[in-house]
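Each remark here refers to the structure printed beneath this line.
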Amino acid sequence: MISTLSLLQAAERDKYAVPAFNIFDESSLQAVMAAAKEARSPVIIQVSTRTVRMIGVDWMAQLFRNAAAQAGVPAALHLDHCPDVDIIRQVVKAEWSSLLFDASHLGFEEAVRQTAEVVRLAHANRVEVESEVENIVGVEDGIGVARPTHSYSAERIVAAAREARVDFLAPHLGTAHGEYHGRPQIRPERAAEFRRLCAMPIVLHGGTGLTTEEFRSFIDAGVSKINISTAVKRAYMQSALAFLETASMTDEWEPGPLLRAVHDGVREAVAPFFDIFGSAGKAESWPGH
Ligand code: 13P
């Protein structure tokens, strides 16, 4: 599998960000891959702990390998927010590209200690680790908090990340998971501070609902991975709902066209992000693509 870190380092060099889309099943996976292929963009496929518990770690890896080979763009498979070491062990064994060890519910010392353990386990199988020790607000697939309880100085986070030998960082940058109700107080200057302090790639969570200018300010500050989940969920559910309302009215119950409607809805929803993040066309500069 392609290394997530190598995708992020190439993005940083060229001043764009790689979109990381959460997928929920084979239909949404194929839709995101089709959009990445169309845009000739590198892409990161993310799976939440809840979704992977449903699909299965090995089956997900197999689906991903098939979809990535068909799309012919550089693609990485990433486990999103996971505090569960049991699932992490399975993902490491199955050699996914990377995982986010979510230690944001723990006190600082314990978070660093457990992160270091996960890194040792993951690196033994060349799986990379994204680290989250402070809270990113919002609940994503059952994981997270409504209010921040842990936040630290950038210096402290970087020192801990070095000690634990993590590969990329997910600090709190003023964004939140889920729909925004009112404008967020975004903090691109904090991303720039991390960039000054270390060479580890910086990840932006809570991408759904930000404006093009807000995305650009984060990319200019050095963010190279941007997570989008809620927009994919919304497109998935709304295109399914529209299809089912028609099915109910016409009394026609064909699953095939429903899957097609979901595929098209998700593909259309994710397509604009490749241009906004500047990753469209960047697959060309990737060896073998
Ligand atoms: P949104 O659901 O706000 O797009 O955030 C996605 C995310 O950060 C996944 O980790």
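As a basis for the values below, the full set of heavy atoms in this structure was taken, side chains included, without hydrogen atoms, waters or symmetry mates. All ligand and atom numbering here is 1-based and tracks the order in the structure.
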Q. Will you find, in the side chains of Q30 and H263, an N or O donor that is under 3.5 Å from an N or O acceptor?
A. no
Q: Just do the side chain to side chain contact (heavy atoms under 4.5 Å, CB included) check on M33 and I45 with the steps written out, would you?
A: CA-CA 9 Å; M33 281 301 198; I45 298 295; 3.9 Å; yes
Q) How would you list, by chain and number, the residues with a heavy atom under 4.0 angstrom from ligand 1? A) N22, D80, H81, E140, A176, H177, G178, H205, G206, G207, T208, N227, I228, S229, T230
Q.
Main chain of S104, side chain of N135: is a donor-acceptor contact present, judged purely on distance under 3.5 Å?
A. yes
Q) Out of R126, Q46, H78, E128, which one pairs with S98 under the side chain to side chain donor-acceptor pair (under 3.5 Å) rule? A) H78
Q: Could you tell me whether the side chains of D167 and H123 share a donor-acceptor contact shorter than 3.5 Å?
A: yes
Q) Does the side chain of S28 come under 3.5 Å of the side chain of D25 through a donor N or O and an acceptor N or O? A) yes
